[in-house]
Amino acid sequence: MVIAAVVGVCVVLAVLAFFVPRLSRHPERGTQRSLGAGARAGGKAPGILGKLFSKPFHSSSRAVGRSGSAGRRTRGRMPF
């Protein structure tokens, strides 16, 4: 369920970045900020559990950033 939500957010951000690149920065940063808060909260678990709990949030944040930049990069390569 969570994976589907992250994939959905990535698709929406990629489409938004393709059609309106300047307006896509704010939702991307907001999503990364909320995922960062989850990573910080998960990282407070003791020992190795902290790494295990925060890792999904870090990888999701990286995926959101990549999808937004891919949409803007694709828009820049278009001939029109």
Side-chain angles (χ1 to χ4, degrees):
M1 186 72 170
V2 175
I3 295 171
V6 171
V7 169
V9 167
C10 287
V11 168
V12 168
L13 277 174
V15 170
L16 187 65
F18 182 76
F19 287 114
V20 281
R22 296 178 96 189
L23 296 178
S24 69
R25 300 270 186 187
H26 189 70
E28 180 183 343
R29 287 184 187 147
T31 305
Q32 286 182 340
R33 183 176 295 154
S34 64
L35 289 170
R40 283 190 301 276
K44 291 183 180 179
I48 194 77
L49 288 176
K51 274 190 173 181
L52 289 175
F53 289 159
S54 68
K55 184 175 180 179
F57 292 103
H58 284 295
S59 59
S60 297
S61 176
R62 189 172 61 224
V64 166
R66 284 184 181 182
S67 67
S69 67
R72 286 186 289 274
R73 187 173 57 243
T74 304
R75 170 67 182 252
R77 291 180 181 170
M78 295 300 287
F80 52 85

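When a residue number appears, it is its place in the shown sequence, counting from 1.
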Item to check | For G68 against A17, the heavy-atom pair lying closest together | outcome: O-CB, 3.3 Å
Checklist entry - F18 and T74: which non-hydrogen atoms are nearest, and at how many Å? => result CE1-CG2, 4.0 Å
Checklist entry - Does T31 offer a backbone N or O that forms a donor-acceptor pair with the side chain of S34 under 3.5 Å? => result yes
Item to check | Residue from R72, R33, R62 passing salt bridge (charged side-chain N to carboxylate O under 4.0 Å, His left out) with E28 | outcome: R72
Checklist entry - Minimum heavy-atom separation for V6 to S60, with atom names? => result CG2-OG, 3.8 Å
Item to check | Identified side-chain contact (heavy atoms from CB on, under 4.5 Å) partner of P27 from the options V9, V12, V64, L16 | outcome: L16
Next on the checklist: So, taking the atom named CG in L35 and the one named CZ in R40, what distance separates them when rounded to the nearest 0.5 Å?
Outcome noted: 10.5 Å
Item to check | Nearest atoms (heavy-atom pairs only) where A45 meets F53 | outcome: CB-CD1, 3.6 Å
Checklist entry - Do M78 and F19 share a hydrophobic cluster (ILVMFWY, side-chain heavy atoms under 4.5 Å, transitive)? => result yes
Checklist entry - Which atom pair, heavy atoms only, marks the closest approach of C10 to S67? => result O-OG, 3.4 Å
